[in-house]
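Before any comments, here is the structure.
Per chain, numbering begins at 1; letters A, B, ... match sequence-line order. Predicted model only: the values in this text are computed from it and were never measured.
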2 protein chains.
Amino acid sequence: MSAVAPPHILVVDDEPQIHRFLGPALEAAGYAPMRAATMAEGLRLAAERSPALVLLDLGLPDGDGKLAIPKLRRFTDAPVVVLSARDQEAEKVASLDAGADDYVEKPFALGELLARIRAALRRAGAASRSPTETVIRAGALEVDLGRRTARVEGREPLKLTPREWDLLAALVRGGEGRVVTQRQLLTAVWGPAHVEDAQYLRVYVGHLRQKLGPAAGLIRTEPGVGYRFGAE
Amino acid sequence: MSAVAPPHILVVDDEPQIHRFLGPALEAAGYAPMRAATMAEGLRLAAERSPALVLLDLGLPDGDGKLAIPKLRRFTDAPVVVLSARDQEAEKVASLDAGADDYVEKPFALGELLARIRAALRRAGAASRSPTETVIRAGALEVDLGRRTARVEGREPLKLTPREWDLLAALVRGGEGRVVTQRQLLTAVWGPAHVEDAQYLRVYVGHLRQKLGPAAGLIRTEPGVGYRFGAE
DNA sequence: CCGCGTCTTTACGCCGCCTTTATGCGGGCG
DNA sequence: CGCCCGCATAAAGGCGGCGTAAAGACGCGG
């Protein structure tokens, strides 16, 4: 009586035996697995089929899997669970700070992996189930967090670079009229490793204000603290 | 000092050395740790202080920590990271399925734990915005501690510098009609190193009273002691 | 392999905030 | 009555943060 389609899980790994092992196991657990052997293929599949969760190997033939995480994050909020044979602490920290939700070492116990998948889906589901309108308006500006677009006075969507968009989104998510600290912004856009680089903020806030044009006043500086989004 | 309160992290563990180790480490990482040694105390603290995240040991003197997770979930959505010496797969599965967000085995690497804390806070923070009602009114003045704004007679928010705001916030947080000593104010705004510089207070109280205009009388001098916030 | 866009980094002027000093005022106390 | 301490206010100077520009590094796509 599956009234709801089983959640898709994208498995990105270049070892065939992993797919042979995980594929049936995931199916038995009630998921619909999709397989990819390279980073490029994984990103393409993730973009086309929007899986509910991504299992990601770090050692891929076409590059370090960590680099895939920020790219995934550009178009999906699906939780990413890193599966890797690398057990160095630095790898785990780097992966988690890159945006991964969990890190499981190979070889892994299947039961634990499934439990971690359930936990990640539970946490992500609670977040995405928000019926809150993802379109936020303030003054002449209209930001669609789901669609990753922003328009001023109903004109064409602004052409924003990834960093510019992330910064605007972080400000908007803070809530209208609420201060978002420099720390928070730097963590959200550049990651916890760059909490000190306040200059990034000045540069990119400048870019944003320029592109916002008439709506530039919506980003207000709170000297020594951070920035505030909203009219008035 | 800190314009925005650091996230509180509740550490529930009965081993004192864990607190001795984690307390300073969490502080250094920019969090405000709270400690509890039993499940009952942990639940009480979590209810009273609503921490941003809970670090939970499984082996507590007054019961299995797993039982605490559903109870926590009744009044908070804060992520729960289980810290345990038990490495059996069944324990991990049970904890995660009980509602935990992550499971870290003791002994753990501090860097990894901090990274997992960041990941959990990141995922949880995207969803829940703590709508802490923090508006305090007194006479013609209205201070919103969460929004970091202050208005007089419903007019435009006052334009306050960081020091001015910190000082006003420290006064308001003291409670209406309560004296806040010079020591307390200096510590809160300028840090413990400037406990002697009472002149700072005179200068900045002056600035504040000037900007408050009609509400200037709300800051009353208590000669030789400190200042008092409130009407009458 | 090359060109282009984006990100990072550096440099610089400027404004505003913080700190510090000076001065006046008022009350307590000898 | 005069002294002194604490409070209030004004003003000056240094300095750091902010905004802007621009160049080099980097990665991506053709």
Side-chain angles (χ1 to χ4, degrees), chain A residues 38-40 43-44 47 62-64 66-75 98 148 158-168 170-171 179-183 185-186 188-191 193-213 216-228, chain B residues 1 3 148 158-168 170-171 179-183 185-186 188-191 193-213 216-228:
Chain A
T38 66
M39 214 164 85
L43 286 170
R44 188 179 52 75
D62 56 342
D64 191 317
K66 280 196 300 297
L67 303 175
I69 303 177
K71 297 182 184 175
L72 276 169
R73 281 279 171 272
R74 288 183 194 166
F75 51 80
R148 289 180 76 90
L158 297 177
K159 192 169 170 296
L160 298 178
T161 72
R163 298 270 136 128
E164 288 166 359
W165 167 259
D166 288 346
L167 178 57
L168 179 60
L171 273 171
V179 176
V180 189
T181 65
Q182 302 186 348
R183 257 189 113 80
L185 290 172
L186 287 164
V189 179
W190 282 271
H194 294 81
V195 226
E196 309 285 316
D197 299 319
Q199 179 65 10
Y200 288 177
L201 285 181
R202 298 188 197 105
V203 172
Y204 274 84
V205 165
H207 290 168
L208 266 183
R209 290 210 251 240
Q210 195 169 344
K211 293 195 178 180
L212 285 180
L218 288 176
I219 301 180
R220 286 172 291 155
T221 307
E222 219 50 54
V225 183
Y227 293 87
R228 192 193 293 273
Chain B
M1 289 289 283
R148 213 192 143 89
L158 298 178
K159 193 168 169 292
L160 298 178
T161 72
R163 293 302 210 278
E164 288 165 0
W165 167 259
D166 288 347
L167 178 57
L168 178 61
L171 275 169
V179 176
V180 188
T181 66
Q182 301 187 350
R183 268 192 107 76
L185 290 172
L186 287 164
V189 179
W190 282 271
H194 295 80
V195 175
E196 311 288 318
D197 300 317
Q199 179 65 7
Y200 287 177
L201 282 182
R202 301 189 192 104
V203 173
Y204 274 84
V205 166
H207 290 169
L208 266 184
R209 291 209 252 241
Q210 193 169 345
K211 292 194 177 179
L212 285 180
L218 287 175
I219 300 180
R220 287 171 290 154
T221 307
E222 216 58 47
V225 183
Y227 294 86
R228 187 194 297 270

Closest to the A/Lys71 side chain, choosing from C/dT19, C/dT8, D/dC28: D/dC28

Listed nucleotide nearest any side-chain atom of B/Arg163, set D/dC18, C/dT8, C/dT19: C/dT19

Rounded distance in Å - CG (A/Leu43) to C1' (D/dC28): 13 Å

A/Asp166/A/Arg148 salt bridge by N-O under 4.0 Å criterion: yes

Whole angstrom value for the distance that separates P of C/dT6 from CD of A/Gln210: 13 Å

Minimum-distance nucleotide (side-chain atoms of A/Thr221 versus C/dT20, D/dC7, D/dC18): D/dC18

Geometric class of the B/Trp190/B/Tyr200 ring pair [parallel <30°, tilted 30-60°, perpendicular >60°]: tilted

Between P of D/dG19 and CZ of A/Arg209, the distance in whole Å: 5 Å

For atom CH2 of A/Trp165 and atom P of C/dC7, their distance in whole Å: 14 Å

D/dC7 phosphate, OP1 or OP2, under 4.0 Å from B/Tyr227 side-chain N/O: no

Atom of B/Arg228, atom of B/Leu171 and distance for their closest heavy-atom approach: N-CD2, 4.5 Å

Side-chain donor-acceptor contact under 3.5 Å, B/Thr221 with B/Arg209: yes

B/Trp190 vs C/dC18: side-chain N/O to OP1/OP2 distance below 4.0 Å: no

Residue of the set A/Val180, A/Leu201, A/Val179 for which side chain to side chain contact (heavy atoms under 4.5 Å, CB included) holds with A/Tyr227: A/Leu201

Spacing between A/Asp197 atom CG and D/dG19 atom C1', to the nearest angstrom: 17 Å

No-H, no-angle donor-acceptor pair, A/Gln199 side chain to D/dT20 base, under 3.5 Å: yes

Between C/dT8 (C1') and A/Glu196 (CD): distance, integer Å: 17 Å

side-chain N/O B/Thr161 vs C/dG16 OP1/OP2, d < 4.0 Å: no

Touch class at under 4.0 angstrom, heavy-atom based, for A/Val205 against every strand present: nothing

5' priority, DNA chain D, between B/Gln182 and B/His207 [closest heavy atom]: B/Gln182

N or O in side chain of A/Arg202 less than 4.0 angstrom from D/dG19 OP1/OP2: no

Nucleotide D/dC28, atom C1' - distance to CZ of A/Arg44 in whole Å: 19 Å

Integer-rounded Å distance: C/dC18 C1' and B/Leu208 CG: 14 Å

Listed nucleotide nearest any side-chain atom of A/Tyr204, set C/dC7, C/dT20, C/dC17: C/dC7

Sugar-phosphate, base or nothing in reach of B/Glu222, heavy atoms under 4.0 Å: nothing

